[in-house]
Number of protein chains: 2
Amino acid sequence: MIRPVPSRRQAIADDLRHQISTGHFQAGERLPSEAQLAARYKVSTPTLRSALALLEGEGLVEKIHGSGNFVRHPLHRITYVGGAATSPIAPLQATVRTTIVQAHGHLPALLNIPPLSPVTEVLYITHEGKSPHSLARIYVPRDFAPADSSLPEELAARSTPLGPPLAEVQERLSARLPTQEEATTLRISTSLAILSLTRVTTDVTGRVVEAALLVLPGDRADALFTTSLMA
Amino acid sequence: MIRPVPSRRQAIADDLRHQISTGHFQAGERLPSEAQLAARYKVSTPTLRSALALLEGEGLVEKIHGSGNFVRHPLHRITYVGGAATSPIAPLQATVRTTIVQAHGHLPALLNIPPLSPVTEVLYITHEGKSPHSLARIYVPRDFAPADSSLPEELAARSTPLGPPLAEVQERLSARLPTQEEATTLRISTSLAILSLTRVTTDVTGRVVEAALLVLPGDRADALFTTSLMA
DNA sequence: GAGTGGTCTAGACCACGAG
DNA sequence: TCGTGGTCTAGACCACTCA
């Protein structure tokens, strides 16, 4: 109805998608060069590249400048479970980096602290095999984490905090395209939609204990929220 | 570090974005034609179009084939509040269409009913002014809505259902690009990320009372979940 | 250095919208 | 009909990777 005229781009993308799903091109395999594919489909290189861009946006193909276009290994879909104060994505291996930074940008408002206050930043990059999977930045006001040598695992898993008991978790989600930096870190296309999740945990005194900024690529992650309606 | 070579596309997109944000181009206004802009920036039309595509993906510009590129009116950001069994986005005017269809695709599994069972489909398109704002498809098994003339408002607002009391709401969110159909309906670019939300409401007998599929464009909608941790 | 993808050009031709 | 955007061509030239 809407598209009675399938464009060459779409036709080529559909054909390549089919060949990938039927195993004609195996996961991890390099596709023929863009010049070869352009010749095979009898189109110019810009047209062929625009077809590849569609597959890239679906997370099926990874382009590596100078080496080629590769069929991506299908990643297991992970589910972020909302409503808990604990760590985001547990069962995966992760790269962790902890630094102390000054709160800037949205952070002071999120954490309800003065600008440039010291905060502990914990950067998680979860992996599946060698592929990066998701990205998390967790911020804790410095006065909540007094021990300089506190392990990141402590911060993430502290279900029994030292301070007042936790009261509330607020999670705000939106969809957007990744920044150039996020795309590079996660090795995804800048045209692959991501789920952006901001989680703020508050204790009973109303103080913000932790703010977490999660980036979940849409091709491999969901967020799940379950609410009981029992009165 | 990562992009020491700003491309023409980016430079032009940045400049146009700046001119839009400073009011040099007013909301609703038509931009100069692509040929004129290409001449002004001394680039070819494909390059200029790729710059416009970036702004389109950010929801700043709407292309209308045959008439021109228009600066979009900034839409109010709406927040979907999770964890309730009631209607999705209340305070906006909406177009509603109710039909009876046979359950297909994911629906039978979602609703936990046999394939091809009759279900009532309610299609909402919320608007702000003349612009479509978000899309919702709500499915109710036919045996839960026996009255043929039941108004859609009834279905959406039934906080006191006739059957067993409601027990649980499960909401699954993901980010993706819109389908061609969704993009057309919402008049957004196919490169504007959307938040896709699937909500399943269950009653105390374990039966699925309602499934809702929501499409929330990322440039104008958030989803918010608040969880109390009080034991 | 050979081969790959990344960007860009200067057009051609088609499809759509409004008068 | 005319001006608009939509698609596509057939290259050129640059940047990156790897042997």
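Within every chain, numbering begins at 1; the chains are lettered A, B, ... in the order of the sequence lines, protein sequences first and strands thereafter.
The salt bridge (charged side-chain N to carboxylate O under 4.0 Å, His left out) check on B:Asp219 picks up B:Arg72, with sequence neighbours excluded. Residues forming a side chain to side chain donor-acceptor pair (under 3.5 Å) with A:Arg137 (at least two apart in sequence, or on another chain): A:Glu182. A:Arg172 pairs by the salt bridge (charged side-chain N to carboxylate O under 4.0 Å, His left out) definition with B:Asp222, not counting sequence neighbours. With sequence neighbours excluded, the residues satisfying ring-ring contact (aromatic ring centres under 6.0 Å, His included) with A:Phe225 are B:Phe225. Considering only residues two or more places apart in sequence or on other chains, B:Glu58 meets the salt bridge (charged side-chain N to carboxylate O under 4.0 Å, His left out) condition with B:Arg17.
Whole-Å rounding puts the B:Gln10 CD to C:dG6 P distance at 15 Å.
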Listed pairs under 3.5 Å, donor-acceptor, residues 189-196 of chain B side chains, sequence neighbours left out:
residue  : atom : partner  : partner atom : Å
B:Ser189 : OG   : B:Ser191 : N            : 2.8
B:Ser189 : OG   : B:Ser191 : OG           : 2.6

Could you tabulate the donor-acceptor pairs under 3.5 Å formed by side-chain atoms of residues 99-107 of chain A, not counting sequence neighbours?
residue  : atom : partner  : partner atom : Å
A:Thr99  : OG1  : A:Glu121 : OE1          : 3.4
A:His104 : ND1  : A:Gln102 : O            : 3.0

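Minimum heavy-atom separation, B:Ile113 to B:Ser117: CD1-CB, 3.7 Å.
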Please enumerate all protein N or O atoms sitting under 3.5 Å from an N or O of nucleotides 8-11 of chain C, with distances to 0.1 Å.
residue : atom : partner : partner atom : Å
C:dC8   : OP1  : B:Arg8  : N            : 2.6
C:dT9   : OP2  : B:Ser44 : N            : 2.9
C:dT9   : OP2  : B:Ser44 : OG           : 2.9
C:dT9   : OP2  : B:Thr47 : OG1          : 2.6

Under 3.5 Å between N/O atoms: give me all the protein pairs with nucleotides 2-5 of chain D, atom names plus distance.
residue : atom : partner : partner atom : Å
D:dG3   : N2   : B:Gly66 : O            : 2.9
D:dG5   : OP1  : B:Glu34 : N            : 3.3
D:dG5   : OP1  : B:Asn69 : ND2          : 3.1
D:dG5   : OP2  : B:Glu34 : N            : 2.9
D:dG5   : N3   : B:His65 : NE2          : 3.4

